[in-house]
Structure formats: C-alpha cells, structure tokens
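Proteins come first, then strands; the chains are lettered A, B, ... in the order of their sequence lines, and each starts at number 1.
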Amino acid sequence: MTKAGRFPWHIVVFVLPGFFIYTLFSAWPLLDTLILSFFDQNDTGARWFSGLDNYRLVLLDPDLSAGFWNALWNNFKFFLVHVLVQNPIGLMLAALLSLKDLRGARSYRTLIFMPTLLSVVIIGFIWQLILSPLWGVSETLLEAIGMANYFDAWLGKESSALLTLALISVWQFVGIPMMLIYASLLAIPEELLDAAYVDGASPLRIFWQIKLPLILPTLGLVTILTFIGNFNAFDLIYAVKGALAGPNFSTDILGSFFYRTFFGFQSSLGSPTLGSTVASLMFLVILAGVMVYFWLVQRRLHRYQL
Amino acid sequence: MAALTLRGVRKVFDKTEVLHGIDLDVEDGEFVVFVGPSGCGKSTLLRVISGLERIDGGELLIGADVVNDLSPRERGIAMVFQSYALYPHMSVFKNMAFGLKIDGLTGEQIKERIHAAAEKLQLDKLLDRKPGQLSGGQRQRVAIGRAIVRDPRVFLFDEPLSNLDAALRVQMRIEIARLQKSLETTTVYVTHDQVEAMTLADKIVVLNEGRVEQVGSPMDLYHRPANTFVAGFIGSPAMNLITCNVDSVDGPTSCLSVSDQTISGVPQTKLSVGHSVSLGIRPEHLSVSKGEGISFKGNLEAIERLGDVTFLYLILTDGSRVTVAEQGDRQLEIGESVQVYAELDKLHLFDDKGRALRA
Amino acid sequence: MSTKTKKKVNTALVHTVLLFYTVIALFPIILILINAFKSRKGIFRDPLALPTEKTFSTVGFEKVFAKSDFVLFFGNSMIVTLVSLFFILLFGAMLAWALSEYKFKGRQLLTVFMAIGIMVPIRLGTVSILELMVSLDLVNTLTALILVYIAQGLPLAIFILSEYMAQIPDELKEAARCDDVSEYSIFFHIILPLTKPAIATVAVFTMIPIWNDLWFPLILAPGEETRTLTLGVQQFIGQYTTDWNSVLASLSLAVLPVLVLYLIFSRQLIRGLTSGAVK
Ligand SMILES: Nc1ncnc2c1ncn2[C@@H]1O[C@H](COP(=O)(O)OP(=O)(O)OP(=O)(O)O)[C@@H](O)[C@H]1O
Ligand SMILES: [Mg+2]
C-alpha cells in the first residue's frame, strides 16, 4: 500500500494519538495495577516486592478475606438476579415487540429503553425515594392491589437489600438485552417465519422452536455483557448505600469492596497495593467469565447463516 | 386435492388496493401459473390464497369450503418459498417433520412419509444434514419435500427457481413438472420466467396491476391473446404492434395504411373506415422470403445473428419499429430497404383500446 | 372461537403486557418529575397527584440553584462529554482506518491490543490512573477525566468503525490515489464522510456512559470546581437528604436534559443500537 522507499509517515500519524492515549491511560494502568498487586508499601510510600502476600491477605486472612468473599458471593447473587430476571424480561419484551404488524412498537421500544439512558446514581436515588417508608408511595401502591401487608423497608434490611438493589438495576438495564435481542429477532428472515406459520405452528411454537434457537448466540452475548457489567458495578451501591454497602455489608459487591480497600473507610486506612490486588482479582473473575463464554458457550452455539 | 375458486378477491395495503377483485377457477389437479410484470400482485395473490395475508374482500374457496378466515394449515395448503425458508437449525429430516408433528402424526407415520418423499426427490442420503451443508439445488428439493410430505390439497410456489443457475433451473423445472403429474395435486405457481410458465402450466393467468388480463392454456395465450398487454407479454421477442389506419373495407378484407404504405388484404369484417387499429405480428411469423399473405417494407436498422436465428430490426417510415426473427443465417446490409411477409392466419388485430378483434 | 377473534384477543394481550411494562418503566421517572413541582405538603399528602394550584411550588429548584453550582456542574459534564466524544471519534476513526487499510508490521498485534479494552473495564486500573494523574498534576481537572474517557471509549469505537471502513469499496480510494491525493486527504475528504452512519452509532455508545459516570469524577475530580452533574447531584443529595423539595428538584434537573435529548434523537439512537447489534 505504501510507496516503495518512503517511510509511511501517515500510518504513524493515524495510529499515534489514539495509541498513545489508550496505552498511557488504559493499558499501562491495567498492567501497572497487576504489577502493583505484588508489592507492599509503608506509610512513607516506599514500595517493595512482596510476592503473593497481598493475595494471601485478601483471599485467606481471617480478618480481611471475609469482606472479599462476601463481596464476591454477593456479586454472584447480583449477577444471578440479572440473568434470571433481566434477560428473560428483555427476551419477552423483544419477542412481543418483534411480532409482525404490532402497532406502536416504536413507541413502546423508545419508552421502555428510557431508564437505561439515565445515570445509575439518579436511578438509585429515585428508587430510594419511592421505596422509602417515609414517603409511602410504595405502600399506597401495594395497598391499591391489596398487598399492603407485604410492604417493608426493603432497602434497609440485610435480608432484602441486595435483592432490591439488583432488581432496581434490572429495572434500569432491561432495555439493553431487549434491544440486542430485538435486533437479532428482526434479522430472522420473514419467509422463514411464514414457512413455520404455513406448517401450522402457533406463535408460541414459532417462538420456542424457530426464533429462540436462532437467537441463542445473542443470548450468550447478552449474558457475558451482563457478567462484565455486573462484576464491575459500583455506582448504584455507592449512590444508595454509600461506600459501606450496608446494612452490615449485605450489599457489598466487588466494585464497592475495591473502592473501600483502595481509599479506606472509617478507621481502616486505604491501601493502593491491596486495592490493586482486589482489582486484579476482579480482572481474573471477569477473565474467567469471558473464557468460559468463548470456550464453552460460543463454541457450542452455532451461528446459523440466515 | 381440491379445486380452488376465487370470487372477487381484493387486497388492500395501507389504503392502496393492490388486488382489484380477482375471479379465477382452478380445477382439481390443475397446474396454474401466475405471470405478470414486477409489482403486479402475483406474490400478494399467492399469499392471500395461502392465508399468509388476510383477504379484504371477496371469497376464496378450496373444494367446496369458504376458507377466508382459516389459517394456512386449516386450508390444507403447502408452500415453497423463493428463498426456500428452510429452518437453518434443523436437519433435513426435522425440517420435513416439523409440520407433520404439529399435525399430530406418530413417529412411524412421519418417518414413512419422509422416506417416501425423500426417495422421490433423491434426498435419502441428505436427511441428517443441516440446510447450510446443502447446495442450492438440494435445498430447493428439501423445500419441495417439506411441501409434499404434508400431502396438501393445494401446492403454492413463489418463484421457487429464481435463485438457481440456468442449468439447474431447467433440471428442477422438469422435475417439478414430473412430480406434479404424479401427485396430481392442484398447484399454483408464480414466476417471472416465460419459459417456466409455458412449459409447466395447464393454465396461465396473466396479471397486470392487480387485475387478471387473461386466463388460458399456454397455446391459447400465444395464439389468441385477448389484448395488447397479453400479446406483448407472452412470447419472446415480443409481438410487433403496428398502429394502422383503416383505409377501406372490401367485403371480408380490408386495407390498412401505415404512413406511406398500404397493407392490403387483411382479413377482417369488424373494421370500419377511418378507425385506428393495432396490427400484431410475432417476429417469428415475419419473413423476408416472398410468401402468401400480406407484406410491407422497412429500413434495416440493425441485425443480430445468433446462428440458428437472425433478428432483423426494421424501422418504418412513421418511426414504428418491427422485429423479424428469420430462421438461419441471413446476409443483409444495414440501411437496406427490406420487404417482409406474413401469412394471413398469423395476424392479430386490436382495437384502439387494445382489445383483440376476431373475425 | 374463530381465528379472527382469537387473533384479536392475542393482540389485546400483547398490548396489555407491553403497556404494563411501559408504565413500570416510566412511573418512577414521572413520579419524580411531578413531585418536584409541589410544595412539601403536596409531596407527602398525595404523592401520586399532579401539582394543583394549591400544591404547585418551585421552591425546590430555587434552593438547588441557590445552594449548589448546578449550572457549573452541567457545563462541566457538557465539556467532558463533548470533548471526549470529539477525540474518541477522531482518534478512533484514524486508528480504525490505519488498521483496516494499511498493511504494516504489527498490525495484528495492535488490533488485539486495542481489543483488550473492550473486554476489560478500565476501572480496574484506577489505582494506577490516580497515581499517574497525581504525578502529572492533573487531579481535579477536567483534562484528567477527558483523557481517561478517551482511553475508555477508543476500543469499541475502533472495533465498530474498522468493521465499517473495511466495507468501503477499494475503487474509491484507488481512484483518489491515481490522482495523487495525499493519504490524509483520502481519509478526511473521502473516508470520514462515508463513515458517518457508523460514527453516529459510536457516538451513542460512547456518550451515555461518559455523561452518567460516577466513578472517575468521584476519584479523579471531586473538587467543587470540576464536579460533573452526576457527581454534583450525588453529593448534593447526600448533603440535603431530608430536604425533599431540593432532592426531587435536583433529580429532575439531572433527568430532564437527558430526557429531552433522548426524545429528540431516539430514532437515530435506537437505529444505531439495533444496527450495531446485528453485527
Ligand atoms: N406488505 C406490504 N405492504 C404494503 N404494500 C405491499 C406489501 N406487499 C406488497 N405490497 C405492494 O403490493 C404490490 C404487489 O406486490 P407483489 O409482491 O404481489 O408483486 P409481485 O407481482 O410479486 O412482484 P415481483 O414479481 O417483483 O415479485 C406492489 O405494489 C407492492 O409494493
Ligand atoms: Mg413476488
């Protein structure tokens, strides 16, 4: 492509600015964080190599490790709620929206997607107000359907806070699986569905036996995107529950645990090196998820040429 | 197997009517082909018959039953689509079994039917493959197989061969004809391709802008087109249509004039002097060799020699163009004035509204 | 039941479900918006009612504007989002073009290197990013945020744009090269204009997370002067939790601009989302 003999300066010009910023502010910090996780430091800021000490602390130390395992376990629950609630609802909405000759599909789509665009922080506060026993909106609504007895300060209870937060997150982000699945449903050729209809299949059968198998790869993609997003979440917990992820760390997930380890909280001081270790562990979790996706899921789910 | 009857069938898309009252009788076991220019409503009519599109007016009968409000399955139709529409995630066997399972057949019955169909279509060895592993012709056969295992009352095809290359198309065309003859299932077939229409059809329906122009056997349409549209649409190259004036009428014959020439001896009784008519002559019925009948001359504008046939493109003094298809190879000079001849019984006359005039 | 009535019932059922979910999606937002325009009494007495003459009040908004620098925060968010977006699109398109057009040594490696950023969240590097910003003396500047967001947005931009650029017919560039047009001109005058649809898609994907982010503003630029809207609202509400008028007003102020923009651009945005997803 380049004229012989002349150095291709234009390639350098095209590549360099983006490469430089990406390397300096994304790639290098990620690598540096991994490196830092093998170091220790004292109050003066002096650092020295400490091998796997940090990992031992975070994973095994009787005092420190409890927080990590709690956060990891909570994070799995958080993810599970998304997989079991968000993605099925997204799938159902997408399936309904993609029905032929549905009037107003565009309006539904536009409106249902709206919460996804708002900041997680704003959403967190909005739901905090709505669920607040002080205001009583939820109680009034439950009363209207005769379920006033079930009302509780869900966000304040150890047993229900995490689930409530996960459902708030589901409420906000259901638009993403909906859109991705919707797009892949639209990509199924119309004649194929006509053929199934002529074969006598009911809309439900067409969904289960034709559409669903054809969009499985998209469901896989949605799941891994959800996984990455969930294991990197922070904003919602911080906005609603603060860095302490109360009550009693019951809403603590890896993102908020990372933040506290890095910056410290209450009496305990923050540590950049321990923070790096937690970040590296988060990296490993995400990497493991992505690898499972590529090796197991993606390979088995055949993408059919439509 | 059943007859198919359409009475005043209409279809409206977003307030525009695309089928304006179609009447049609298809007899039991007949092979009917819809032809017409692109956008004339062939596919729409087929989809209305199948039940994929709702009927907005008129009646559709299969056998003796009005089926307007029935689903495709309840109508007992099976359809072959242009893109084949095979389920990409199912094997050939499962593709064919899908509808049968819904019909509630047992596993044994399903196997029996599929193997019978697979044998007819030489699909026996392909039953475990997915559609992605098949060639175009094989996919086509699977699509047909999926239709015949249903043992439908009516077969519907929408341009089933248009995605195949020329050689395969000929082969599949013959196969479809053979199959239909052996199954004796009423069939409606949509195509762009004249040759397909002429060779396959018991009966051709020529559609234009949502209306039926003419219904008849292929030879009927070729020899007795009802109007200039059908005359121009059936046959290739298209029939020459020369606008003439009626000069004089003399008993059973009349004289027509085209600018400076007079064509005399045209057999016709219904003409009156002064009327404008179209004289239709197919290129293959014109010849430069002197013969009986009528003759006129034109300037040779271009010539195409294909070996077995030579096309001469003439221009008359009033600017109308005439194509002549001569058998064999002819040596003629461009710019030459050429006299051409046509037999009397090969002439067609149309009135100023394009309707055929017959003696 | 005839097929026709069955169909009608089904359609009605579908609409019921969709309508129900639409209400669920919108109700919280609308609730906040209507209560922001009520007096404290109105908010508590009947939260579900629209503001009436008696309960209408804008006291919340007045307090928000008096007690916090809302306009400044809004401006900061605008600057950060737009400047980041501009450079992500420019540098991203340049890199995408280099990767899809020129065959040079290390191209494969560079592609993989950039792709890592799609899978690995940049947040995991926060410790080093903060140390880096400290040493560059960029803490509490918008520049710090902009640099990080550019780094965050580039990988996806490159991925989408290079896929799109690879489909641009060779004849177009070759015709230009025969006329001895410089590679820069080819890029800016031929390729960029042709890439517009994909650029719009990337803009959508990139803009929303930047505007909404809490993490980096909280860590890199928490100072009063450089606060973004999201962080500003978060801090403000943390401070005035009990002042319901102010809280509702500040939430509304954070929601409204996004809402208005969304309703104007929703069609393009959703087209971008769905077309991007098909890939
Ligand atoms: N779903 C639809 N909505 C609106 N108009 C339609 C729809 N389907 C077809 N039409 C219109 O109806 C007319 C007939 O279309 P149809 O597909 O039946 O034509 P056709 O004869 O099959 O053409 P072709 O030979 O190109 O396949 C066209 O003008 C077309 O634009
Ligand atoms: Mg058609």
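With a 4.5 Å cut-off on non-hydrogen atoms, Leu90(C) does not touch chain A at all. The contact between Phe104(C) and chain A is made entirely by side chain atoms (from C-beta outward), counting heavy-atom distances below 4.5 Å. Neither the backbone nor the side chain of Phe231(A) comes within less than 4.5 Å of any heavy atom of chain C. Proximity to chain C is absent for every atom of Leu16(A), based on heavy atoms less than 4.5 angstrom apart. For Phe87(C), no part lies under 4.5 angstrom from a heavy atom of chain A. For a residue to count as touching a neighbouring chain, one of its non-hydrogen atoms must lie under 4.5 Å from one of that chain's; by this rule Leu18(C) touches chain A with backbone and side chain alike.
With hydrogens and angles disregarded, no donor-acceptor distance shorter than 3.5 Å links the side chain of Trp127(A) to the backbone of Pro28(C). With hydrogens and angles disregarded, a donor-acceptor distance shorter than 3.5 Å links the side chain of Asp235(A) to the backbone of Leu214(C). Looking only at distances, no side-chain donor or acceptor of Trp244(C) sits under 3.5 Å from a matching main-chain atom of Leu129(A). Looking only at distances, no side-chain donor or acceptor of Asn212(C) sits under 3.5 Å from a matching main-chain atom of Val120(A). Under the 3.5 Å distance criterion, the side-chain polar atoms of Tyr22(A) are matched with a main-chain donor or acceptor of Gly117(C).
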Run the side-chain donor-acceptor check on residues 174-181 of chain A: report pairs under 3.5 Å with partners two or more places apart or on a different chain.
none

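Gly18(A) and Leu154(C) get closest at one heavy-atom pair: O-CD1, 3.4 Å. Pairing each heavy atom of Phe19(A) with each of Leu95(C), the nearest pair is N-CD1, 3.7 Å. The two atoms that bring Phe258(A) and Arg123(C) nearest to each other are CE2-O, 3.6 Å, heavy atoms only. A pairwise comparison of heavy atoms in Pro272(A) and Glu131(C) identifies CB-OE2, 3.8 Å as the closest pair.
Classification of the His15(C)-Tyr108(A) ring pair by plane angle, with boundaries at 30° and 60°, yields tilted.
Atom CZ of Phe14(A) and atom CZ of Phe91(C) lie 12.5 Å apart (nearest 0.5 Å). Taking NE2 from His10(A) and CZ from Phe187(C), the interatomic distance works out to 12.0 Å, rounded to the nearest 0.5 Å. In this structure, CG in Leu124(C) is found 5.0 Å from CD1 in Ile286(A), a value given to the nearest 0.5 Å.
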